[in-house]
**Q** 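Below is the structure I would like to discuss, written out as structure tokens.
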Amino acid sequence: MIDPLLLSAFFMGLAGSGHCVAMCGGVASSLQLAVKNKQDARSYTLLYNLGRLLSYSLAGALVAGISATFASQSILISQILAFISAFFMILVGLYVMRVMATLNWLESIGKIAIWQFVVKLNRYVMPLDSKLKALGYGALWGWLPCGLVYSALTWAITTGTAAKGAAFMACFALGTAPAMLALGLTTQSITKWLNNQVVRLIMGNFLVFYGLYLLTIAVRNSLH
């Protein structure tokens with residue numbers, strides 16, 4: 001039976017794919033232009049996304065492992081993490097519907113705290129003249145400041161172990177993969193569907209109500 005938590009991670013990634021297209025579409029397109037041997041473009045696209053998945057999984061393992069250490073020492077910390085994950089699920093839902101730019105502030109923090117250091121590593125993978133470099137570039141791409149990814153990580157911190165945190169973020173990455181692969185392979189039908197207003201509203205509302213459900217559970221648990 002599929003773990004509901006991992007299924008939620010996949011759906012969260014799928015629902016947020018429209019944001020991925022808007023934020024990373026230019027990156028995905030430029031990567032194709034950077035490939036010297038155009039016959040390798042398809043395999044490079046897969047490697048970029050594999051590298052991105054590995055980075056997300058590593059981040060998930062790190063935050064889940066660290067949070068589990070603290071949560072095991074205090075019930076209060078576990079309850080706070082549950083509130084945070086529910087709150088961010090609601091923010092993601094509003095962001096997917098494009099009702100509010102609820103995650104922009106997270107991306108601004110990421111640019112200052114992480115990306116300015118990671119981007120300096122680009123010189124080690126450019127030019128993209130080997131599959132190993134393509135994988136490495138995808139791994140760096142995975143640390144691009146993204147409010148959607150950071151929100152997923154707030155969920156990963158509640159999974160309890162580093163392994164579960166990694167699995168959660170891997171499933172999230174798989175959810176974003178259809179849109180990102182479609183961009184890389186110039187298949188636009190999926191990206192158009194994910195950016196459809198009705199689709200965004202349906203997915204966004206689902207995430208908001210799911211977040212409210214989790215918030216209700218967190219409140220109930222804190223009162224017992």
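Predicted model, so just to flag it, every value in this text is computed and none were measured.
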**Q** Out of curiosity, Phe168 CZ to Ser8 OG, how far, rounded to the nearest 0.5 Å?
**A**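 Spacing of CZ (Phe168) from OG (Ser8) equals 7.0 Å.
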**Q** Of all heavy-atom pairs between Ala170 and Ser57, which one has the smallest distance, and what is that distance?
**A**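 In terms of heavy atoms, the two residues are closest at CB-OG, 3.4 Å.
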**Q** Return yes when atom CZ of Phe87 has more than 12 non-hydrogen atoms of other residues, nucleotides or ligands closer than 6.0 Å, and no otherwise.
**A** no
**Q** Atom OG in Ser43, atom CG in Leu135: separation rounded to 0.5 Å?
**A**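 The OG atom of Ser43 sits 11.5 Å away from the CG atom of Leu135.
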**Q** If you round to the nearest 0.5 Å, how far is CG of Leu174 from CG of Leu53?
**A** 5.5 Å
**Q** In chain order, what residues pass the ring pair (Phe, Tyr, Trp, His ring centres under 6.0 Å) check against Phe10, with sequence neighbours excluded?
**A** none
**Q** Do you know which two heavy atoms are closest between Tyr124 and Lys133, and how far apart they sit?
**A**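 Closest approach of Tyr124 to Lys133: O-CE, 4.1 Å.
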**Q** To the closest 0.5 Å, what do you measure between CG (Leu7) and CG (Leu14)?
**A** 10.5 Å
**Q** For a quick test of reading the model, state the closest non-hydrogen atom pair linking Val125 to Gly136 and the distance between them.
**A**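 Minimum heavy-atom contact is CG1-C, 4.1 Å.
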**Q** In terms of relative ring orientation, are Tyr48 and Tyr137 parallel, tilted or perpendicular, with 30° and 60° separating the classes?
**A**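 Rings of Tyr48 and Tyr137: perpendicular, as their planes differ by over 60°.
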**Q** So which atom in Leu215 and which in Ala86 form the shortest heavy-atom distance, rounded to 0.1 Å?
**A**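 For Leu215 versus Ala86, the nearest heavy atoms are N-CB, 3.5 Å.
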**Q** For a quick test of reading the model, state the closest non-hydrogen atom pair linking Cys171 to Ala9 and the distance between them.
**A**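 It is CB-CB, 3.9 Å.
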**Q** Name every donor-acceptor pair, under 3.5 Å, that has one atom in a side chain of residues 145-155 and the other anywhere in the protein, sequence neighbours excluded.
**A**
unit_1, atom_1, unit_2, atom_2, d
Ser151, OG, Gly147, O, 2.9
Thr154, OG1, Ser151, O, 2.4
Trp155, NE1, Ser85, O, 2.9

**Q** First locate atom CG of Leu54, then atom CG of Asn49, and finally report the distance between them rounded to the nearest 0.5 Å.
**A**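 Leu54 atom CG to Asn49 atom CG measures 11.0 Å (nearest 0.5 Å).
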**Q** OG1 of Thr159 to CE of Met169: how many Å apart, nearest 0.5 Å?
**A** 10.5 Å
**Q** Considering non-hydrogen atoms only, spot the tightest contact between Arg52 and Thr176 and give its length.
**A** NH1-OG1, 2.9 Å
**Q** Hey, is the main chain of Ile157 close enough, under 3.5 Å, to the side chain of Ser67 for a donor-acceptor pair?
**A**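 Checked: pair present.
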